[in-house]
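Report on the structure given below.
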Amino acid sequence: MTPLLRLFRKPWIWSWLAAFVVWFLTIMVTLGASAFGLSQAALTFAAFSVIVGIGQMFVITLGPGNIDLSVPATMTLAGTVALKLMNVENGMILPGLLVAIVIGLVVGLGNYALIKALRIPPIIATLSMSFIVQSAAIWTNRGLRIKPPSVLAEFTTSNTLGVPNVAIVAFLISLLAWFLLDKTIYGRWISAIGQSMPAARMAGIPVDGTRFVTYLFCAVLASVAGYLLACFSGGAALNMGSEYLLMSIAVVVIGGTAVAGGDSNVPGIWGASLFMFLVVSMLNTYGLGAGIRLIMTGLIIISVIVLAGGRRAGMR
């Protein structure tokens with residue numbers, strides 16, 4: 001088999017191809033004048049989708065029924081509390097990050113407590129937790145929009161060697177995710193659980209502990225994303241995480257991760273996140289109305305999933 005054929009057998013390649021096609025069609029309208037700016041914008045906004053998408057991917061890899069719907073609320077609460085704690089002071093950047101991480105740990109703990117102790121399905125448990133967390137965010141925010149510390153605001157909106165800093169952070173998190181999935185026993189455990197939970201229990205895998213850690217990891221990544229997004233946006237808003245509910249799921253599906261569990265795909269998260277931003281940019285560039293953009297976005301996403309799924313099925 002040639003290297004090219006082996007490449008096309010990779011499930012993540014289709015999201016990257018779709019992203020490239022959309023990027024190319026967009027810059028064709030401007031005759032290449034916006035190529036660099038569009039690329040930087042895509043990397044910047046895709047970075048937030050990558051961070052939350054990786055966390056969601058870990059949860060979905062655990063198998064059918066596993067999903068975290070508390071991601072948007074966790075992002076909002078973490079961003080709000082962190083900014084209030086930092087209070088525009090550069091010396092409070094690290095404590096703010098630590099508080100955001102602690103919030104993620106608490107939310108993840110709450111999610112799994114509902115799932116395990118009360119035997120509530122994950123989709124219901126995390127949805128219920130999201131209402132609690134969102135209420136806490138509303139009580140904490142109280143309509144205030146506190147600015148981030150100047151150093152942190154500068155970092156999240158700047159580039160290093162032409163690459164957005166938030167994209168670099170997302171890349172480092174992606175490397176950590178790849179290492180955990182491919183090089184550690186924890187990664188093998190979640191894959192085994194996703195393929196068959198009863199078989200994993202019979203094999204002696206600590207199913208409950210692995211699922212617990214995975215929900216913690218997802219919530220912590222959502223908190224980190226909320227922390228960075230609040231600083232990038234110049235303040236925390238109560239709806240700042242709303243678009244990342246479906247986004248975190250869409251980038252997992254489009255990126256080639258098996259929805260049935262047992263198989264994850266880190267590179268595909270990047271391709272899907274870039275694709276999701278670029279397709280909206282392309283439709284905006286072509287001057288389509290909001291309704292048409294939503295319809296076209298849905299049709300394009302369906303086409304990519306069907307094409308990728310069909311190709312993978314034909315190659316097995």
May I have all residue pairs that pass salt bridge (charged side-chain N to carboxylate O under 4.0 Å, His left out) and include part of residues 114-126, sequence neighbours excluded? Lys116-Asp208

Under a plain distance cut-off of 3.5 Å, with no hydrogens placed, do [Y] and [X] share a side-chain donor-acceptor pair?
| X | Y | value |
| --- | --- | --- |
| Ser70 | Asn111 | yes |
| Glu154 | Ser158 | yes |
| Ser150 | Asn90 | yes |

If the condition is ring-ring contact (aromatic ring centres under 6.0 Å, His included), which residues does Tyr186 pass it with, not counting sequence neighbours? none

Distance-minimising heavy-atom pair for Pro72 and Leu245: CG-CB, 3.4 Å

Does some side-chain heavy atom of [Y] sit less than 4.5 Å from a side-chain heavy atom of [X]?
| X | Y | answer |
| --- | --- | --- |
| Pro95 | Met92 | yes |
| Phe155 | Val166 | no |
| Trp16 | Phe275 | no |
| Leu181 | Met57 | yes |
| Gln56 | Ile60 | yes |

Closer than 3.5 angstrom, by distance alone: can the side chain of Ser196 be matched with the main-chain N or O of Ala199 as a donor-acceptor pair? yes

With sequence neighbours excluded, what pairs up with Asn87 under the side-chain hydrogen bond (donor to acceptor under 3.5 Å, both in side chains) test? none

At what distance, to the nearest 0.5 angstrom, does OG1 of Thr210 lie from OH of Tyr215? 13.0 Å

Can Phe232 and Phe48 be said to form a ring pair (Phe, Tyr, Trp, His ring centres under 6.0 Å), step by step? CA-CA 10 Å; Phe232 174 81; Phe48 301 109; 5.5 Å; yes

